[in-house]
Amino acid sequence: MTVQELPGAAAAYRPTPPPAWKPRTDPTPLLPDPEPYRVLGTDAAAGADPELLLRLYAQLVRGRRYNAQATALTKQGRLAVYPSSTGQEACEVAAALALEERDWLFPSYRDTLAAVARGLDPVQALTLLRGDWHTGYDPREHRIAPLCTPLATQLPHAVGLAHAARLKGDDVVALAMVGDGGTSEGDFHEALNFAAVWRAPVVFLVQNNGFAISVPLAKQTAAPSLAHKAVGYGMPGRLVDGNDAAAVHEVVGDAVAKARRGGGPTLIEAVTYRIDAHTNADDATRYRAEGEVETWRAHDPIRLLERELTERGLLDEHGIRAAADAAETMAADLRERMNADPVLDPMDLFEHVYAEQTTQLREQAAQLRAELDAEEEAR
Amino acid sequence: MTTAAVKPASMAQALQRAMRDAMAEDPAVHVLGEDVGALGGVFRVTDGLVKEFGEDRCTDTPLAEAGILGTAVGMAMYGLRPVVEMQFDAFAYPAFEQLISHVSRMRNRTRGGMPLPITVRVPYGGGIGGVEHHSDSSEAYYMATPGLHVVTPATVDDAYGMLRAAIASDDPVVFLEPKRLYWSKAQWSPDAPAAVEPIGRAVVRRPGRSATLITYGPSVPVCMEAAEAAAAEGWDLEVVDLRSLVPFDDETVCASVRRTGRAVVVHESTGFGGPGGEIAARVTERCFHHLEAPVLRVAGFDIPYPPPMLERHHLPGVDRVLDAVARLQWEAGS
Ligand SMILES: Cc1ncc(C[n+]2csc(CCOP(=O)(O)OP(=O)(O)O)c2C)c(N)n1
């Protein structure tokens, strides 16, 4: 019946009710808990596997030493730049150790420690930052994508790889790491959306370390938390204390297991703090107060785990020293190998642009060859 | 063996056939993009693929170009061969970050450890009366990025052969499809498909002695027509179809120019900063002593692509090509 056909003015027009609507899924189970999940210092710690905790501890100590050594190498001019993850070691190490060997890691430029915790040679992990090549390892061999410099662009790669693995029938999971600033990029949105629609076996781990270079989270997003963003994509969001290695391992491990079972992606926000400046080129005193840093120093990931382990009698002075010594050996080896000047072949420049060199590149290679020969002769 | 019936087919059909054959031969080949499934793409180029190969092999993605290309990167990392459709030239721009920062450099940064065999199909160019953002010629942007192959067919045979080659290539290929040639017909037998040869060779479409028209994609038929028209005025024009902009076939181009002594580059994209500048410079550097006149360019104006009712004034047509040919009667000091 159209409006014109309504019988007389007295009968009020009653629009038909709109088509029924309800949310496509119940958003409540997707919502993160209001408090970051914690294990260390809580009752949950009693259930944690002692062997795992000790492994995490050894890796945290090693990671802290790695950060210090790499930062020192920038001061000596051996590294062009190093984005330290001091204070964030629990995220790096615990997340990497939550993966199986067949899984893939998609790190950002700050995630060298995650790569090293997966077993990558510490020197190869620094190749990008030293400047001798863009990636120092074969991604397929280690199942670690190249350390990614543009923000958030590695996230859709992780989704595509996980999707491809599932299409091939492999139960492989991809773990993609990104910073709080990176969550503002369009690629973050596109990756989460694709992952949720495709139910791809991906775990997104946001390390919210408070700052994107100098910009605090409050200027980055108006969302209640970064984990809350998950709901809009139809995937669960989880909040975890990023300085609690046991908690990060459990939350990431759960999400990995769920993804492997075909349960789809998860967005995890690990709440942590960047103790060092963004990189050696940054002056953190311009945008944050020392008091804030001290608060976070008191919540140090290594001390947290150390306290748990010593209270449970799993670690003593001897064990602490052993972990420190092992880290020192790694650092000495790193120092020594990084002090050797890399030998580079300039002709490599033309080697891997295309599967087969183009005529143009062959000509340019010949030009460089001639220049190098002339240099050699002049010497 | 029976002789296959030769039936007329369009470029769009040839492209579809190329994907279909590639998918049938190699289970690693996957097609993804916006509307490529049930609809068969807005130009119907992916028509029927989802029916034959299922949604896992021919996938309607969410509407996000960076996401499409970015996930294709991950798929290629895991050993698949994604063929990505960008719906229109100007809608590929959101994916530039992925293309330039990752697709083009993954082989290089991993020293050959991780090549990405991705084909990015981009319908490009004008002449179909499209509204804004549906007619851009973006080839110069792609050409400026090392690590990408940039190719564009002008014939139905090439559409098939070159797309097969692009999908088979271990390098990423930007495959530019001249959308106003989608429906151009040719005698072409789908049962005896065209030759598949590696990417990178130009061809002489029409031999001639008095000048060379260097062109590609949608401007090839324009140049062929101009060559016929010029014959009436005593010009015997050679037409070189580049087919591949990267890598560039200096050999075929320069051999032609050395024979004819004169050259005009013809394309739709803007002249300033466009492919023609690069081509003219290459030809001048290599053939200077054979040239009887400067290398001229006939290109689109240096304006944003015009609204459809004005596009005929912008697109280089036969008359503009003939005007340029007339200017090749160049004398020193004139
Ligand atoms: C697309 C892009 N824009 C800008 C930069 C420069 N940049 C490097 S790190 C950074 C801040 C990133 O902050 P966040 O994502 O929080 O990660 P964090 O460095 O804190 O780990 C910026 C702006 C970049 N790498 N990529």
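Protein chains get the first letters and strands the later ones, always in sequence-line order, with residue 1 at the start of each.
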>> Centroid separation under 6.0 Å, is that true for the rings of A:F106 and A:F204?
In response: no

> Do B:F88 and B:H133 have their ring centres less than 6.0 Å from each other?
Replying inline: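 Distance test on ring centres: not under 6.0 Å, no.
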
Proximal component of [X], with respect to chain B [non-hydrogen, under 4.5 Å]:
X	result
A:Q357	neither
A:V197	side chain
A:A158	neither
A:A145	both

> Within 45° of the ring axis of A:W133 and under 6.0 Å from its six-membered ring centre, is that where the NZ or CZ of B:R111 lies?
Replying inline: yes

>> Between A:H278 and A:R110, is the side-chain hydrogen bond (donor to acceptor under 3.5 Å, both in side chains) condition met? List the steps.
In response: CA-CA 9 Å; A:H278 172 66; A:R110 196 178 294 286; 2.8 Å; yes

Taking side chain as everything from C-beta outward and backbone as N, CA, C, O, which of these in [X] sits under 4.5 Å from a heavy atom of chain A? Side chain, backbone, both or neither.
X	result
B:R105	neither
B:D56	both
B:T59	side chain

>> Please identify, among A:V353, A:T153, A:D138, the residue contributing the most non-hydrogen atom pairs under 4.5 Å to chain B.
In response: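 If we count pairs closer than 4.5 Å to chain B, A:T153 comes out on top.
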
> A:K168, A:E141, A:Q154: which one forms the most heavy-atom pairs within less than 4.5 Å of chain B?
Replying inline: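 It is A:K168.
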
> Could A:D170 and A:R260 be called an ion pair, given the rule that one side-chain N must be under 4.0 Å from one carboxylate O?
Replying inline: no

>> At a heavy-atom distance under 4.5 Å, which candidate from B:I68, B:D249, B:D171, B:V73 has the highest pair count against chain A?
In response: B:D171

